[in-house]
Novice: 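To start, I am sharing the structure in question, which I have written as structure tokens.
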Amino acid sequence: MTRYLVTSALPYANGPIHFGHVVGAYLPADVYVRTLRMQGEEVLYVCGTDEHGVAITIGAEKDGIAYPDYVARWRGVIKETFDRLGLEFDIWSGTSVCPQHAALSQDFFRRIDGNSYLLQRETEQLYCTTDAKFLADRYVTGTCPSCGYEAARGDECPRCAKWLNPLDFADPRCKVCGSRPERRRTTHWYLDLPKVRDEFLGGWISGHEWKPNVGTFVENQMKEIEPRPITRDMSWGVPLPAGTRGDIAGKVLYVWFDAPIGYVSFTQEWAARAGRPDDWKRWWKDADTRLVHFIGKDNIPFHCVVFPAMLYATKDGYVLPWHVPANEFYNLQGRKFSTSQGWTIPLDEFFARYDAQAARFYLLSSAPETKDSEWNWKDFQSCNNAQLADAIGNLVTRVLKFVDKHYAGHIPACAPEHEAELERVLFGECGAFGDPAEHVRAFKFRRAAEQLIENARVANVFVDRSAPWSLQKTDPARAASVLSTCAEWIGYVARWMAPFMPHKAQAIWEMLGQSDAVTARGWPQRPAPGAWRIGLAGAKLGPVAGLFPKLDDKQIAAEIAALEERSKAATGA
RNA sequence: GGCGGUGUAGCUCAGUGGUUAGAGCAGCGGCUUCAUAAGCCGCGUGUCGGGGGUUCAAGUCCCUCCACCGCUACCA
């Protein structure tokens with residue numbers, strides 16, 4: 001039977017994440033997973049931090065703490081944000097702490113090497129004898145051979161924008177200590193991507209179905225593909241496996257190589273913890289698995305080209321991605337999120353003032369699915385007030401407070417003689433409704449969010465058309481049937497919204513007098529006349545209260561002003 | 001420079017080559033009063049960035065120009 005293995009891009013453990021990351025790779029995945037689970041699918045959701053690489057070592061040294069402490073700190077900070085947003089993984093780990101990670105990464109290297117998909121190349125690189133390490137391009141500075149600018153970076157000249165090779169500097173200097181680095185020869189292993197492409201990957205990619213924003217990009221990549229180095233001269237990372245032919249001293253796997261293997265090693269960790277150490281194979285080596293990678297667009301080459309090439313090159317029976325629903329980028333009020341320039345939303349402050357569930361909904365309904373989009377404070381206000389508070393929140397209170405007042409807090413039953421007619425009106429005359437899950441399965445989360453609101457509006461129209469406040473005086477029996485019908489529909493709304501706003505959905509469910517989980521009965525079938533009521537009649541309502549407080553203009557204006565202030569302070573303007 | 005993307009209603013955006021191009025928000029008018037001053041109904045002549053082309057048919061495909069944006073892969 002089909003099972004779904006869902007991953008979100010491993011966040012890099014060198015800083016906090018912002019809403020752009022959240023909406024790109026995490027929130028859609030969480031909603032996808034929750035929806036499929038309610039539909040009875042078998043799903044595993046894997047994530048954790050990516051903890052190796054030069055950026056980590058630089059960051060840790062700057063902060064004066066050990067590498068493991070540094071990544072542990074960010075692993076924790078990032079997880080805290082995910083917790084606040086209600087993102088729930090089956091396993092959350094990290095590439096430097098997952099017990100299975102190093103061995104599995106080495107196993108990948110060994111198999112790929114054994115299958116002759118690795119090349120060895122000797123190159124010259126700058127080596128700083130003071131710091132006793134090879135220098136990445138950007139950590140070399142010197143005089144631009146093209147325009148003579150004296151503080152050019154090793155990768156690019158900031159003045160003439162020319163691409164540079166630090167070996168071309170006549171006066172290279174180590175950016176860390178200022179001393180003059182020397183040239184040294186070093187050997188590295190390269191993944192022979194052209195070979196994998198010709199043998200398999202090219203055909204697989206052109207025969208695969210991709211999101212439009214992914215397909216053209218990846219096809220293009222195929223043409224210019226080159227062998228990629230998969231080793232580095234540094235200490236922080238997974239050492240090359242013992243027994244590898246050649247000089248492996250001081251070399252580790254390049255971070256991009258070991259990072260995606262984290263998806264697999266974390267799955268192994270999950271299985272081991274569950275006491276079924278071999279269970280991970282069912283997920284990674286069985287043709288019934290549908291592997292779905294949620295990522296931002298910057299990760300497309302890795303997940304559509306490089307990682308599939310790695311999986312194939314092991315010749316070890318791994319499944320390849322089924323879908324890669326990559327998102328574009330998410331900005332903030334017209335500009336890129338930038339911590340250094342103060343163009344951010346500090347999440348501590350945000351969660352102190354705003355509802356994380358409302359944020360989930362707004363993020364999803366503004367997600368950059370087809371093109372870049374943005375967080376806009378006024379849109380957030382409008383979404384919260386008009387869609388969540390008015391369309392959904394008010395629907396719940398207007399109906400349930402009425403029930404509370406006139407039926408002593410118990411949901412009335414629908415009289416059999418009223419059913420057919422009320423349902424004819426509800427299903428035929430109150431506007432279109434649909435199944436949000438259909439859009440979720442198609443990775444159209446904005447549309448799914450919209451559908452949820454449309455479905456709630458159906459009940460508002462029904463209430464207006466039925467006018468139970470008038471019936472209460474003229475035909476109380478019919479009024480009871482109307483309210484019963486409304487309450488049942490609200491039960492559907494609660495279940496439809498469970499993947500989007502799990503806590504709010506549960507709150508509505510409890511207001512309807514239910515004590516089990518809103519997800520307990522699974523995903524609702526599309527309601528249809530005659531057979532859709534799930535029997536809420538008779539239930540004693542829980543306390544009915546507003547679900548979504550409104551956000552006023554002053555508050556939003558203050559947020560925008562604070563954003564401008566932070567930006568000015570950070571850039572010294 | 002190279003590659004890619006975007007440009008549709010005041011704003012944010014949907015729109016497999018096929019009826020008079022749509023939604024939400026904002027705005028205007030009316031109805032209603034159960035509810036978080038909430039709800040419902042009605043109201044859009046938009047150079048689909050400009051120009052050219054292919055086609056019976058183009059927002060949709062091709063060329064070109066303009067504007068904005070991203071990436072360019074040894075710091076993911």
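Every chain is numbered from 1 and lettered A, B, ... according to where its sequence line falls, protein lines coming before strand lines. The model shown is predicted, which means the values in this text are computed figures rather than measured ones.
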Novice: For A37(B) and G17(B), measure between their P atoms and round to the nearest Å.
Specialist: 46 Å
Novice: Is the base of C34(B) stacked against the aromatic ring of Trp469(A), taking ring centres under 5.5 Å apart and planes under 30° as the test?
Specialist: yes
Novice: Between C65(B) and C25(B), how far apart are the two C1' atoms, rounded to whole Å?
Specialist: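 Between the two C1' atoms, the distance is 34 Å.
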Novice: Under 4.0 angstrom, heavy atoms only, what part of the nucleic acid is Val461(A) near: base, sugar-phosphate, or nothing?
Specialist: sugar-phosphate
Novice: Need the pair for A14(B). Rule: Watson-Crick or G-U wobble, both distances under 3.5 Å, any strand; none if unpaired.
Specialist: none
Novice: To the side chain of Lys371(A), which of U6(B), G70(B), C40(B) is closest?
Specialist: U6(B)
Novice: By the 4.0 Å heavy-atom rule, please label Ala467(A) as base, sugar-phosphate, or nothing.
Specialist: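 Nothing, no nucleic acid heavy atom in range.
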Novice: Can you measure Asp553(A) atom CG to A26(B) atom C1' for me and round it to whole angstrom units?
Specialist: 12 Å
Novice: Heavy atoms under 4.0 Å, any strand shown: does Asn299(A) hit a base, just sugar-phosphate, or nothing?
Specialist: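 Base, at least one base atom sits under 4.0 Å.
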Novice: Between Trp189(A) and Phe109(A), what is the ring plane arrangement, given parallel below 30°, perpendicular above 60°, and tilted in between?
Specialist: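 If you compare the ring of Trp189(A) with that of Phe109(A), the planes turn out perpendicular.
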Novice: Let me know, please, whether Asp464(A) or Val399(A) comes out on the 5' side of the other along RNA chain B by nearest nucleotide.
Specialist: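 The residue mapped nearer the 5' terminus is Val399(A).
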Novice: Can you measure Glu374(A) atom CD to C11(B) atom C1' for me and round it to whole angstrom units?
Specialist: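 Value for this atom pair: 11 Å.
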Novice: Provide the Watson-Crick or G-U wobble partner of U6(B), both distances under 3.5 Å; none if there is no partner.
Specialist: A67(B)
Novice: What I want to check is whether the side chains of Thr187(A) and Lys251(A) have a donor and an acceptor closer together than 3.5 Å.
Specialist: no
Novice: Quantified in whole Å, what is the P atom distance between nucleotide C61(B) and nucleotide U8(B)?
Specialist: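 Between the two P atoms, the distance is 16 Å.
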Novice: Between U12(B), G24(B), C69(B), which nucleotide gets closest to the side-chain atoms of Asp372(A)?
Specialist: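 Comparing U12(B), G24(B), C69(B) against the side chain of Asp372(A), the answer is C69(B).
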Novice: Where the side chain of Phe402(A) is defined as all heavy atoms beyond and including C-beta, which of G70(B), C34(B), A23(B) is the nearest nucleotide?
Specialist: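 Nearest nucleotide to the side chain: C34(B).
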Novice: Report the distance from atom OH of Tyr117(A) to atom CG of Leu119(A), rounding to the nearest 0.5 Å.
Specialist: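 Output value for this atom pair is 12.0 Å.
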Novice: What integer distance in Å separates Leu395(A):CG from U33(B):C1'?
Specialist: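 Taking CG of Leu395(A) and C1' of U33(B), I get 16 Å after rounding.
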Novice: Hey, does the side-chain of Arg228(A) have a donor or acceptor N/O within less than 3.5 Å of a partner on the base of C74(B)?
Specialist: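 No such pair is found, so the answer is no.
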Novice: Between P on C40(B) and CD1 on Ile453(A), what's the gap in Å once rounded to a whole number?
Specialist: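 Rounded to the whole Å, the gap is 12 Å.
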Novice: Please determine, for C28(B), whether a Watson-Crick or G-U wobble partner exists with both distances under 3.5 Å, and give it or none.
Specialist: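 In the structure as shown, C28(B) has G42(B) as its Watson-Crick or wobble partner.
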Novice: Across all strands, who's sitting opposite A58(B) as a Watson-Crick or G-U wobble pair, both distances under 3.5 Å?
Specialist: none
Novice: Looking at U47(B), which nucleotide sits across from it as a Watson-Crick or G-U wobble partner, both distances under 3.5 angstrom, or is there none?
Specialist: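 Checking every strand shown, U47(B) finds no partner, since no pair has both distances under 3.5 Å.
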Novice: Any sub-3.5 Å donor-acceptor pair from Ser8(A)'s side-chain atoms to Ala25(A)'s backbone N or O?
Specialist: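 Pair found, side chain donor or acceptor close to backbone of Ala25(A).
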Novice: Ignoring backbone atoms, test whether Lys336(A) places a side-chain nitrogen or oxygen under 4.0 Å from the OP1 or OP2 oxygen of C71(B).
Specialist: yes
Novice: Atom SG of Cys486(A) and atom CG of Leu422(A): how far apart are they, to the nearest 0.5 Å?
Specialist: 9.0 Å
Novice: Among the nucleotides U36(B), G39(B), C13(B), which one has an atom lying closest to any side-chain atom of Phe548(A)?
Specialist: U36(B)
Novice: Any idea which of A23(B), G7(B), G39(B) is nearest the Arg398(A) side chain?
Specialist: G39(B)
Novice: To the nearest Å, how far apart are Trp256(A) CH2 and A73(B) P?
Specialist: 15 Å
Novice: With the side chain of Pro229(A) defined as its heavy atoms from C-beta on, choose the nearest nucleotide among C74(B), U36(B), C40(B).
Specialist: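 Closest nucleotide to the Pro229(A) side chain: C74(B).
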Novice: Taking pairing as Watson-Crick or G-U wobble with both contacts under 3.5 Å, can you name the mate of U72(B), or confirm there isn't one?
Specialist: G1(B)
Novice: Once you round it to whole Å, what is the distance between P of C31(B) and CG of Asn460(A)?
Specialist: 20 Å
Novice: Which part of the nucleic acid does Lys378(A) contact within heavy-atom distance under 4.0 Å: base, sugar-phosphate only, or nothing?
Specialist: nothing
Novice: Please state whether the rings of Phe266(A) and His101(A) are parallel, tilted or perpendicular, taking 30° and 60° as the class boundaries.
Specialist: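 Plane angle between 30° and 60°, so tilted.
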Novice: For Ser470(A) and for Arg457(A), locate the closest nucleotide of RNA chain B by heavy-atom distance; then report the residue assigned to the nucleotide nearer the 5' terminus.
Specialist: Arg457(A)
Novice: What is the distance, to the nearest angstrom, from the NZ atom on Lys405(A) to the C1' atom on U33(B)?
Specialist: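 To the nearest whole Å, that distance equals 11 Å.
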Novice: The side chain of Thr397(A) lies closest to which of these nucleotides: A35(B), G39(B), C74(B)?
Specialist: A35(B)
Novice: Tell me which nucleotide among A76(B), G24(B), C25(B) gets nearest to the side chain of Ser382(A).
Specialist: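 Ranking A76(B), G24(B), C25(B) by closest atom to the Ser382(A) side chain puts C25(B) first.
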Novice: Quickly, which of Arg353(A), Gln333(A), Lys378(A) forms a side chain to side chain donor-acceptor pair (under 3.5 Å) with Glu559(A)? Name it, please.
Specialist: Arg353(A)
Novice: When all nucleic acid strands are considered with a 4.0 Å heavy-atom cut-off, which category describes Gln472(A): base, sugar-phosphate, or nothing?
Specialist: nothing
Novice: Is Arg465(A) touching bases, backbone alone, or none of the nucleic acid, heavy atoms closer than 4.0 Å?
Specialist: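 Answer is nothing: Arg465(A) stays at 4.0 Å or more from every strand.
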Novice: Answer with base, sugar-phosphate or nothing: what part of the nucleic acid does Asn376(A) contact at a heavy-atom distance below 4.0 Å?
Specialist: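 Here Asn376(A) touches no strand at all.
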Novice: Name the one of Phe500(A), Trp377(A), Trp375(A) that satisfies ring pair (Phe, Tyr, Trp, His ring centres under 6.0 Å) with Tyr362(A)?
Specialist: Trp375(A)
Novice: Rounded to whole Å, please give me the gap between CZ in Phe462(A) and P in U32(B).
Specialist: 20 Å
Novice: Looking only at the side chain of Ser373(A) (C-beta and beyond, no hydrogens), which of the listed nucleotides C13(B), G70(B), A35(B) gets closest?
Specialist: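 The closest nucleotide is C13(B).
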Novice: Distance check, P atoms only: A67(B) and G42(B), in whole angstrom units.
Specialist: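 To the nearest whole Å, 44 Å.
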